[in-house]
Amino acid sequence: MDLHLKNISHNYGEVDVLKNIDLEINHREIVCVVGPSGCGKSTLLRFIGGLEQPARGKVVQIGAAPEDSLNPLTYIFQDFALLPWRTVIGNISLALEDHGLSALERKSIIENVLARTKLSDFRNALPRQLSGGMKQRVAIARALSVKPAVMLMDEPLSALDSQTRELLMDDLVDLWSREGFTACYVTHNLNEAVQLGHKIVVLSRRPGCIREIVDIDIPLDQRKNYINELDQKQMQLWALMRDEALAADQELING
Amino acid sequence: MAEKKAKAKDQVVAKEAEIKTVPFRGGGFKIRSIRTIAPFVFIVIIAFWEFGSQTGLISNLVLPAPSEAFGALRELVESGMLVVHLSASLKRLIIGWSCGSVLGIIVGLLIGLFPLARAGMSPLVSAIFPIPKIALLPLFVIWFGIGEGSKVATILFGTFFPTVITTYGGVDNVDRGLIRMGQSFGLSWFSIVRKIILPGALPAILSGCRISASIAIILLVAAEMIGAEFGIGAYILLAGSLFATDQLVAGVAILSTMGLIFAWLIGRAEKYFLNWRT
Ligand SMILES: Nc1ncnc2c1ncn2[C@@H]1O[C@H](COP(=O)(O)OP(=O)(O)OP(=O)(O)O)[C@@H](O)[C@H]1O
Ligand SMILES: [Mg+2]
């Protein structure tokens, strides 16, 4: 299943947030979106998943989602969004409860995603007992449990310390190499973008429009061997973003 | 010479100051339960009061001694009237409070969930909440009869409004991010309400219950002012009109005990339902 964002523009009252965004998210491709703070990245992601509607333009889905996908467009949130009153199992089960699955089916799906995210030992822990990295792994497990066609991630690692972030990055790279999911990954961390992205979309400051799309052809699981090339890409991205970020900063001071 | 000594001393002081441990400033606001203090406070106050009465420091006309009140209480138990009064009062309390709370939670949820209900009902609630329900008691007597009806209605109305307000406040305060998460996983409206909004509002609802339980006890005495033969409130009012202050204090002690027991029960419920809180 591919997604096509067709000429999306949006404003909140007087404020133009996004302008003429045209973008394709293809099957088995990770599209990273970077841009200065407040340029509308989160807003764009809400449009893609249908949580909000753009003022102009639309998001179209090309081809049907796989039969077994329970929730084709699935989010992973920056603040994890786990229910504090449910255990790890309960939180994953929440996503499955409205799909008419038998208890047995639910259980086997949950066991499967727990094993894949190495959470089996924590199945009965409450969120308050888990570290940040662990919570995000639960959120990833919950997302995997509904077999998404496209994962929509809004700065999923930015609440975590850098070591945990590296570990989870490796997990995501592993996961992609094994299963090849499709994702739109919003981040402000250029290093994450070059490690994960097949396509990196650089947005301008508000109103956000696409400044450039940078492709990286190196296979994800081999990127560790191409550190120089990635560094160069990162520099290229930073050069693109630098002026925008600076201008965005000035805007806040003046405005 | 003296100057030199002073300087040396200063240096020693400075050296000592350099290795002192950082003062601890983090305490004070943590909620801890110290179990033994509460009974101790009660015992000290009662002992002091008894002592004052025995020595004549507190005149018997002003306040009866705890031992006299205790005597009145024993009389009440031995005559078998305690059970009669208590069961009459508890019945009114429990029916009035539970109906008021359930209706209040339902209406509070409606106001929290539906803009139309909010627009229509929340001004009404704000308008009626501050009216002392005791003032309406004569009306309740006309509407619901002089018997149990008016008494239960007073308690029901008194507990209904605060419950409505705490409930919709609780619904308003549920983390929007969690609701959005529920929507993003395609949960039905009903599932979101039952699995996300209700548990999220539960802390507020339970603390609302704490308040409404106290209000219910206050209103119980007021409700039993008119046409009640039995009931703790009736007992207290009768004692008051006869200036039997020992009985009055005994009755008030029973009310306090009821309040304590309610608070304890709600505390247990909070521990049980809200064990997920940090
Ligand atoms: N519901 C809303 N109502 C009004 N304005 C909004 C709303 N949501 C976002 N905005 C505004 O739209 C702009 C873009 O917000 P958005 O959260 O999409 O930015 P972002 O790129 O995700 O920023 P960040 O990098 O800080 O996460 C901001 O200026 C924000 O104030
Ligand atoms: Mg954002």
Side-chain angles (χ1 to χ4, degrees), chain A residues 42-43 45-53 65 69-88 90-101 124-130 135 138-139 141-154 156 159, chain B residues 26 29-33 105 108-109 112-113 115 166-210 266-278:
Chain A
S42 302
T43 309
L45 211 60
R46 289 201 292 275
F47 294 153
I48 300 176
L51 285 180
E52 220 173 295
Q53 284 183 312
S69 174
L70 298 175
N71 189 44
L73 302 171
T74 298
Y75 284 89
I76 293 174
F77 297 92
Q78 176 176 2
D79 59 356
F80 322 129
L82 300 176
L83 300 183
W85 49 86
R86 287 200 177 204
T87 59
V88 169
N91 266 291
I92 299 173
S93 152
L94 176 81
L96 302 170
E97 282 164 12
D98 273 17
H99 293 288
L101 299 173
N124 291 320
L126 286 169
R128 70 173 154 90
Q129 299 168 309
L130 301 173
K135 282 183 207 163
V138 177
R142 178 178 61 188
L144 292 176
S145 73
V146 292
K147 302 193 179 68
V150 180
M151 285 213 262
L152 305 170
M153 311 197 230
D154 192 354
Chain B
F29 293 95
K30 205 171 164 193
I31 297 166
R32 292 182 295 164
S33 52
I105 289 170
L109 284 177
L113 293 172
T166 48
T167 303
Y168 85 69
V171 172
D172 285 355
N173 273 331
V174 174
D175 185 353
R176 295 290 115 179
L178 292 181
I179 296 174
R180 185 154 264 173
M181 180 276 292
Q183 290 174 325
S184 82
F185 277 100
L187 299 191
S188 66
W189 180 88
F190 190 71
S191 275
I192 290 179
V193 171
R194 192 163 63 86
K195 295 170 188 168
I196 299 178
I197 294 179
L198 262 183
L202 197 60
I205 292 175
L206 283 177
S207 57
C209 283
R210 233 177 233 287
I266 291 167
R268 292 309 303 256
E270 277 178 343
K271 271 226 176 78
Y272 179 76
F273 287 114
L274 308 181
N275 70 331
W276 47 268
R277 280 202 298 197
T278 40

Colleague: Measure Tyr75(A) against the heavy atoms of chain B and call it side chain, backbone, both or neither at under 4.5 Å.
Modeller: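 For Tyr75(A), backbone and side chain are both near chain B.
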
Colleague: Out of curiosity, Asn71(A) CG to Ser184(B) OG, how far, rounded to the nearest 0.5 Å?
Modeller: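 Here the rounded value is 6.5 Å.
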
Colleague: For Gln129(A), look at atom CD and say whether over 12 heavy atoms of other residues, nucleotides or ligands are found less than 6.0 Å away.
Modeller: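 Result for CD/Gln129(A): enclosed.
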
Colleague: Chain B heavy atoms under 4.5 Å from Leu82(A): which part of the residue, side chain, backbone, both or neither?
Modeller: backbone

Colleague: Hey, is the main chain of Leu83(A) close enough, under 3.5 Å, to the side chain of Trp276(B) for a donor-acceptor pair?
Modeller: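 It does not hold such a pair.
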
Colleague: Among Val146(A), Leu94(A), Thr74(A), Leu126(A), single out the residue with the greatest number of heavy-atom pairs under 4.5 Å to chain B.
Modeller: Leu94(A)

Colleague: Roughly how far, to the nearest 0.5 Å, is NZ of Lys195(B) from CD of Glu97(A)?
Modeller: 4.0 Å

Colleague: Could you tell me whether a side-chain N or O of Asp98(A) sits under 3.5 Å from a main-chain N or O of Ser191(B), the two making a donor and an acceptor?
Modeller: no

Colleague: Considering only heavy atoms from C-beta outward, does the side chain of Pro84(A) approach that of Leu178(B) to under 4.5 Å?
Modeller: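 Counting from C-beta outward, Pro84(A) and Leu178(B) do come under 4.5 Å.
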
Colleague: Please flag which part of Arg142(A) lies under 4.5 Å from any non-hydrogen atom of chain B: side chain, backbone, both or neither.
Modeller: both

Colleague: Glu52(A) versus chain B, heavy atoms under 4.5 Å apart: side chain, backbone, both or neither?
Modeller: side chain

Colleague: Step through the shown structure and confirm whether more than 12 heavy atoms of other residues, nucleotides or ligands are within 6.0 Å of CZ on Arg268(B).
Modeller: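 Open: at most 12 neighbouring heavy atoms sit under 6.0 Å from CZ of Arg268(B).
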
Colleague: Identify the two heavy atoms, one from Gly177(B) and one from Ala81(A), that lie closest to each other, and give their separation to 0.1 Å.
Modeller: O-CB, 4.4 Å

Colleague: Please lay out, stage by stage, how Arg46(A) and Arg180(B) fare under the test side-chain contact (heavy atoms from CB on, under 4.5 Å).
Modeller: CA-CA 10 Å; Arg46(A) 289 201 292 275; Arg180(B) 185 154 264 173; 3.4 Å; yes

Colleague: Is it the side chain or the backbone of Ile196(B) that comes within 4.5 Å of chain A heavy atoms, both, or neither?
Modeller: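 Both backbone and side chain.
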
Colleague: Look up atom CG in Asn275(B) and atom CH2 in Trp85(A), then write down how far apart they are to the nearest 0.5 Å.
Modeller: 12.5 Å

